Amino acid sequence: MRIRMHAFIMGCQIIFGFGYSRPLSQIMKTPLRLCLAATALLAFSGALRAQTAPDDKAEQELKARAYALQAKIFTIDTHEDVPSAMIRRPTWDITQWHDRATDNSQVDFPRMREGGLKSAFYAVYLGQGPRDAAGLANARDRALAMFMNQHEMLAKYPDQAELALTADDGPRIMATGKRAIYLSIENGYVIGKDLTLIKTYYDMGCRMMSIAHFSNNDLGDSSTDPNGEEWHGLSPLGKQVVTECNKLGIILDGSHANDTVVRDLLDLSKVPIMLSHSDCHDVWASPRNVPDALLKRLADKGGTIQMNMYSAYIMDIPVNPELNTKQAELMAKQAADPDKSDAAEARHVEEIQKLRLQYPTKEATLPDFMKQVFHAIQVAGIDHVGIGSDMDGGGGFTGMEDVSKYPMVTMELLRAGYSEGDIAKIWGLNTLRVMRDVQDYARKNFPVAPEAPRGRRGAGGGRGARGAAAPAASAAPAPAPAPAN
Ligand SMILES: [Zn+2]
């Protein structure tokens, strides 16, 4: 059985390109092996997965190296939809280990520890809603509630996690054995038309913000709005947002925005920008993905692309027409629901998830994901690629069900011959560099007089009062309890 399994793996490697970094001569040492590979491949073709044979010694050694390295280096995932998931599941406990198969969750502290994931941007996300006054006020209130919910969670478990605000905070908190949690905003819709809200969110811990989500909004155009472009890039308000984020030291995130917006961000921003969870258009032509030419410009400016683990962005996923019809019907029904509360949204998400379980679609595999990663490295360079999984927001695939599986990415990077230093860049150092560039620019060019008293939170390389700003010092209504350090 051992030979048979080994041969199967080799067969997969030969036919499907697994083990791309290993010379073919090494894989196929004898004709007998080739024969076995082909036979075993036929036998196992229905169960093809990016897994290694448990009894393969070389694979086990590589795996052990990957886990050891993952445990050692600073690792950060720049897009996890934890805040919106937590609002949907009020009694769910992030300190407990969960199973995706049971509750569809993909991120909790035990699984972060298991996957050697030291840090993450938890994204305060809101889908695009009405752009009238009531809609904007509702979006603002829900975003503030999500920030407060995160602060309450961090205050509840001070021994397990800590709010991270500066580029130095991540590694500092990692050294204490706790998870370093950064907060970001997905969809600038939540500022409405009020630029001062950016400072409010900054004071609540926001250190990265994207312009739009699936639809155009008052800041600029989305890459997926069915009605096409509205502003042809950033709106006049969106351009002011760039200036404001540069001043405060908030990373501008071009994910979900259309290419013209990303070009505008690159032209207008004084500092590097990030695509917090995107893939490469030249590998799979999803409108959500970035073309090579733009990826090169992003890198020239010092920014990064953070590779997304959402199957439909990684590769062409065949559409299930039955699911599409049912989903369109359900979404039309949900859009007509006058109830716009969190509870209603939670119900809507559950309904969609239930439908997707009824009509399962194909998922990407680890080799598919690595193809995206390797392409991005080839085009943008090793200093300009990171990981932004979209876990809890649709990211993940078979074999990468949750954050506990992250060492498998490291294993593939090792297999491809990347050095430990290169892997450390991809998993964290590149992100920290962008954050540091953004925050240094703000501190040097827009210094703020210190305010007293300052909490210990500012000690991690902060930028005066702004770097030290804590929810307790926020101009926002009803501040959340300050998390312990
Ligand atoms: Zn997203």
Side-chain angles (χ1 to χ4, degrees), residues 76-88 104-107 120-129 139 142-143 146-147 150 182-191 201 206-217 219-226 238 241 250-259 261-262 265 273-281 284 286-290 294-295 298 303-315 317 327 331 345 348-349 352-353 356 363-364 369 372 376 386-397 400 402-403 431:
I76 182 166
D77 179 348
T78 55
H79 193 87
E80 293 180 351
D81 283 294
V82 172
S84 49
M86 282 184 60
I87 287 279
R88 287 199 301 271
N104 208 33
S105 77
Q106 297 171 291
V107 186
F121 270 91
Y122 286 180
V124 168
Y125 152 75
L126 249 92
Q128 187 60 48
R142 291 175 60 196
M146 259 184 261
F147 273 103
Q150 288 302 298
Y182 292 93
L183 298 174
S184 59
I185 287 175
E186 178 173 30
N187 198 358
Y189 171 52
V190 300
I191 74 156
Y201 294 128
C206 175
R207 291 297 180 270
M208 176 155 60
M209 187 170 96
S210 72
I211 299 296
H213 192 246
F214 284 153
S215 308
N216 304 334
N217 64 21
L219 310 189
D221 292 338
S222 163
S223 60
T224 49
D225 194 311
V241 167
I250 293 176
I251 300 169
L252 287 156
D253 175 5
S255 280
H256 283 288
N258 78 355
D259 293 349
V261 167
V262 176
L265 290 173
I273 70 161
M274 195 176 271
L275 304 178
S276 72
H277 59 305
S278 290
D279 286 324
C280 300
H281 193 272
W284 164 230
S286 160
R288 264 290 274 114
N289 291 343
V290 63
L294 199 50
L295 183 53
L298 174 87
T304 59
I305 178 173
Q306 308 286 118
M307 307 311 294
N308 194 321
M309 294 180 179
Y310 183 62
S311 288
Y313 301 156
I314 292 172
M315 63 185 295
I317 299 291
Q327 195 164 287
M331 284 169 87
E345 174 146 329
H348 295 164
V349 170
I352 294 277
Q353 282 172 349
R356 286 179 183 163
E363 286 190 344
F369 176 66
Q372 282 281 359
I387 304 291
S389 69
D390 221 348
M391 290 284 179
D392 273 356
F397 43 78
M400 190 60 61
D402 57 39
V403 296
T431 296

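These figures come from a predicted structure and were not determined experimentally. Both counts, for ligands and for their atoms, begin at 1 and track the order of listing.
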Parallel, tilted or perpendicular: rings of H213 and H256 (30°, 60°): tilted
Mutual orientation of the aromatic rings belonging to F369 and F397 [parallel < 30°, tilted 30-60°, perpendicular > 60°]: tilted
Please determine if the Zn ion (ligand 1) has an N/O/S atom from [X] lying under 2.8 Å away.
X: H256; value: yes
X: E186; value: yes
X: H79; value: no

No-hydrogen, no-angle side-chain donor-acceptor test under 3.5 Å, S215 and Q128: no
Within the 6.0 Å centroid threshold, strictly below: H79 and F121: no
